[in-house]
Amino acid sequence: MSGSKARLAAIERVTANVSPTAFFSVTDPPGELFGQNVFTKAVMQKRLPKAVYKSVIATIENSKPLDPAVADIVASAMKDWALEKGATHYAHVFYPLTGLTAEKHDSFFEPGDDGGSIAEFAGKTLIQGEPDASSFPNGGLRATFEARGYTGWDVTSPAYILENPNGNTLCIPTVFVSMTGEALDHKTPLLRSQQAMALQAERVLKLFGHADPAAVVSFAGAEQEYFLIDRAFVFSRPDLLNSGRTLFGAKPPKGQEFDDHYFGAIPDRVLAFMLDCERELFKLGIPAKTRHNEVAPGQFEIAPMFERSNVAADHQQLLMVTLKKVAHLHGMECLFHEKPFEGINGSGKHVNFSLGNSTEGNLLLPGDTPHDNAQFLVFCAAVIRAVHKFGGLLRASVASATNDHRLGANEAPPAIISIFLGDQLTDVFDQIAKGGATMSKEKGTIIIGADTLPVLPTDPGDRNRTSPFAFTGNRFEFRAPGSLQSIAGPMVTINTILAESLEHIATELETAVANDVDFDVAVQKVLEAIITDHGAVVFNGDGYSEEWQVEAAARGLPNLRTTLDALPELVSPEALELFSHFGVFTDREMHSRFEIAMEQYALSIGVEARSALEMATTVILPAALRYQTELATNIASLKALDLEVDTVDLDAVSALITDLRAAVAALRAALSHEGDDAVVAEATHARTELLPAMAAVRGPADALESLVADDLWPLPTYQEMLFIL
Ligand code: ADP
Ligand code: MG
């Protein structure tokens with residue numbers, strides 16, 4: 001079935017689908033379910049010799065190097081556990097720069113001497129794998145003669161069992177590197193950046209009197225927005241199948257203007273899906289906590305509890321895979337695209353982050369005492385300085401063809417990276433800026449560490465949803481990442497720019513202390529300098545307003561509207577220096593990432609353009625021609641009877657058909673352009689030629705949707721996809 005028949009059949013199927021059912025008949029209470037399929041610390045404690053357990057925990061908790069001698073023992077315990085859980089295979093799971101999750105599966109079983117089979121899983125198999133790397137993007141890092149890539153066990157992210165009705169798989173999170181040790185994935189730099197940030201944070205903590213601070217880590221909690229639509233519609237939408245977003249579709253009579261969806265009652269069918277998802281996530285040790293409707297119709301959000309950023313990044317990937325899988329079982333499609341429907345709010349992934357350690361707790365939590373507040377203010381100032389110095393890099397870390405539809409468009413957040421601090425914290429920093437290092441307590445102005453500093457609230461009360469980078473009481477929320485992207489990239493940037501600021505602060509304070517400057521005075525001076533030099537990035541107003549665009553420009557904040565504007569930030573001299581200084585990326589790695597991002601941009605727009613061309617030619621134009629014929633036949637019959645005729649409908653349809661044909665021809669011409677190997681040229685062509693040509697096709701196509709008889713229209717409409725659940 002195809003064309004309008006398929007659409008009408010889909011509507012029938014969807015409307016008949018009344019009673020939601022749970023697909024996984026799990027009855028265990030959530031408490032017992034949690035981590036059921038995870039090789040947790042508790043499982044390790046039970047199954048590993050004490051010394052081995054201690055050694056592994058030292059690596060996980062305190063970032064101590066992994067002792068290779070323990071690998072064999074861990075591998076054997078892991079294998080036994082996995083076999084008991086019904087696993088037949090194991091897989092090294094890695095995160096290549098496509099943004100997807102990759103797995104290479106191998107069987108545990110090998111032929112034994114007696115003709116039977118034995119289960120084998122040695123330490124070296126746990127530690128290292130060797131998938132063929134040539135089919136993953138490498139941005140010129142690897143010539144084909146050295147196409148080998150290696151996966152390496154990441155002890156700090158727990159292994160888990162992935163269930164399938166036909167057999168289970170032990171999944172081992174790994175890094176993915178080239179033969180020469182260059183990062184080909186998202187995890188490697190995340191681990192490196194985490195280490196760099198920790199080192200500098202610990203230097204600062206020492207200055208605040210913590211002689212031997214416990215290992216500092218960064219935490220991330222990602223709020224994931226997504227759309228759900230009935231799957232029956234997807235098969236009639238080649239655009240959704242190919243590119244994850246609708247390339248055509250007239251505005252529905254009712255969109256989101258009533259704001260009646262946000263936090264509204266969750267439809268039963270969706271709730272059934274969410275419950276199944278959460279159970280599956282719980283089994284995988286992913287602490288799904290919050291769920292609610294989002295702003296747009298058909299849009300929802302799930303937010304797991306925050307975790308160490310490396311684990312959170314892995315879990316985030318697994319969460320997306322799980323949501324898609326469970327949605328299919330419920331006859332729905334889960335859309336992670338940043339802008340699946342034009343004119344309807346898109347989806348983001350808000351990354352909440354903080355840093356801390358086991359003794360100090362959250363370092364972004366304002367304390368109850370002035371001394372704690374001083375430490376908090378220093379870490380907070382480090383963030384302000386980092387975001388101001390490297391706003392362009394943060395913008396680049398969320399740049400993609402798909403996220404361009406969101407950022408800097410008419411919805412949140414703007415492409416200008418600024419910080420929202422809230423009134424009270426802003427006021428504190430204002431006072432610091434006015435204070436001056438020489439001010440004394442007697443004069444009644446604040447000196448950090450002295451008790452005149454106000455007790456800071458942990459919940460500032462006010463929120464600003466238009467800010468891309470907002471302080472929310474005990475953490476910062478980076479609201480610009482796209483719903484589709486891995487949170488690893490943004491976390492790498494945050495960790496690294498924070499390392500740079502903390503290094504600066506630590507050096508300043510250490511020097512002052514060495515020169516017998518009073519510590520409080522030294523802290524005040526550092527804070528004052530930071531807020532004076534970098535306070536321009538603080539903005540508490542409406543980030544969507546026109547005035548902000550103007551003011552931000554006056555403040556010298558970059559406004560990198562599109563991916564093409566943002567990506568060059570990755571290879572600016574400052575960025576190369578930053579990443580190489582902290583051992584996060586070599587220059588070569590950075591250039592490769594730039595190339596890959598450009599290439600992905602061009603590829604993804606290329607796919608859209610070809611889909612649009614095909615749909616316009618083979619789906620939309622034929623429907624319009626059929627309707628044109630119907631109208632023409634009608635007019636001919638009326639004329640034959642000597643009745644009065646009105647050609648207004650026919651004229652309108654005919655005019656749009658003419659426009660559509662012209663636009664299709666132009667899009668075809670733009671697509672026939674001879675590409676070359678220069679990725680930047682290809683990406684530029686995509687932006688300057690393909691995107692406008694697609695928009696020109698969409699105009700008359702969407703206008704036709706509102707004119708052509710409904711029973712002839714082949715594509716499920718926005719109304720149908722968004723409001724039937
Ligand atoms: P919002 O009010 O922004 O919608 P949600 O409750 O939906 O908040 O999500 C907040 C996210 O922030 C959750 O993932 C939560 O675990 C995370 N979070 C809370 N505290 C911290 C913290 N200290 N560090 C990092 N993330 C945190
Ligand atoms: Mg939320």
Side-chain angles (χ1 to χ4, degrees), residues 196-216 354-389 419 421-422 424-458 471 474 476 497-538:
M197 185 279 293
L199 203 70
Q200 302 306 328
E202 288 157 25
R203 268 177 78 192
V204 172
L205 284 181
K206 274 186 195 145
L207 284 155
F208 275 92
H210 312 284
D212 184 20
V216 172
S354 61
L355 65 167
N357 69 4
S358 55
T359 47
E360 282 297 282
N362 180 358
L363 296 170
L364 290 177
L365 185 69
D368 294 335
T369 64
H371 181 81
D372 288 341
N373 278 340
Q375 186 177 299
F376 158 75
L377 287 171
V378 161
F379 280 97
C380 198
V383 176
I384 295 171
R385 181 179 177 280
V387 174
H388 186 240
K389 268 193 88 172
I419 283 192
L421 282 185
Q424 178 145 17
L425 204 48
T426 303
D427 184 53
V428 169
F429 275 108
D430 281 348
Q431 290 180 52
I432 291 168
K434 287 184 202 124
T438 55
M439 292 285 185
S440 70
K441 212 176 353 184
E442 295 83 63
K443 288 187 185 153
T445 46
I446 61 170
I447 281 200
I448 308 306
D451 50 12
T452 43
L453 190 70
V455 171
L456 299 168
T458 48
F471 183 68
N474 64 349
F476 280 91
I497 63 179
L498 209 49
E500 198 269 349
S501 275
L502 291 170
E503 179 185 59
H504 164 83
I505 292 172
T507 306
E508 292 274 305
L509 291 180
E510 280 165 5
T511 311
V513 169
N515 290 324
D516 284 336
V517 178
D518 176 78
F519 185 64
D520 284 351
V521 173
V523 169
Q524 160 74 25
K525 199 171 150 225
V526 165
L527 290 177
E528 190 185 322
I530 287 180
I531 203 63
T532 308
D533 296 345
H534 303 285
V537 79
V538 177

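Position 1 is the first residue of the sequence, and the numbers go up from there.
The CG atom of L498 sits 8.5 Å away from atom CD1 of I505, with the distance rounded to the nearest 0.5 Å. In this structure, the separation between CG on L363 and CG on L355 is 4.5 Å, given to the nearest 0.5 Å. Taking CG of L527 as the start and CD of E508 as the end, the distance is 11.0 Å to the nearest 0.5 Å.
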After noting the C-alpha distance and the side-chain angles of L509 and F519, does the key distance pass the side-chain contact (heavy atoms from CB on, under 4.5 Å) rule?
-> CA-CA 8 Å; L509 291 180; F519 185 64; 4.1 Å; yes

Run the numbers on F376 and L425 for side-chain contact (heavy atoms from CB on, under 4.5 Å), then give the verdict.
-> CA-CA 11 Å; F376 158 75; L425 204 48; 3.8 Å; yes

Verdict with reasoning, V378 to F208, per side-chain contact (heavy atoms from CB on, under 4.5 Å) = CA-CA 10 Å; V378 161; F208 275 92; 3.8 Å; yes

Working for side-chain contact (heavy atoms from CB on, under 4.5 Å), residues L377 and F429 | CA-CA 9 Å; L377 287 171; F429 275 108; 3.9 Å; yes

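With sequence neighbours excluded, the residues satisfying side-chain contact (heavy atoms from CB on, under 4.5 Å) with A506 are R203, V204, L207, E510. Partners of E503 under the side-chain hydrogen bond (donor to acceptor under 3.5 Å, both in side chains) rule, at least two apart in sequence or in another chain, are H581. Partners of T532 under the side-chain contact (heavy atoms from CB on, under 4.5 Å) rule, at least two apart in sequence or in another chain, are E528. N357 pairs by the side-chain hydrogen bond (donor to acceptor under 3.5 Å, both in side chains) definition with T359, not counting sequence neighbours. Every residue was checked against the ring pair (Phe, Tyr, Trp, His ring centres under 6.0 Å) condition with H504, not counting sequence neighbours, and none meets it. Taking the side-chain contact (heavy atoms from CB on, under 4.5 Å) definition, one finds that L199 meets it with nothing, sequence neighbours left out.
Contact between A381 and I530 at its shortest, heavy atoms only, is O-CG2, 3.6 Å. For the pair A386 and S501, the tightest heavy-atom approach, listed with the atom from each and the gap, is N-OG, 3.3 Å.
The aromatic rings of H388 and H534 stand perpendicular to each other, their planes meeting at an angle above 60°, with 30° marking the opposite boundary.
Contact of the Q200 side chain with the E500 side chain is not registered, since no non-hydrogen atoms from C-beta on lie closer than 4.5 Å. In this structure, D533 and R385 have side chains that are not in contact, with every pair of non-hydrogen atoms separated by 4.5 Å or more.
Applying the 6.0 Å contact sphere to CG of N515 captures more than 12 heavy atoms from other residues, nucleotides or ligands.
Without hydrogens or angle criteria, E202 side chain to V216 main chain gives a donor-acceptor distance under 3.5 Å. Of the possible polar contacts, none joining the N362 side chain to the S354 backbone as a donor-acceptor pair under 3.5 Å is found.
Using modelled atom types, one finds no donor on one side chain facing an acceptor on the other under 3.5 Å when comparing D520 with Q524.
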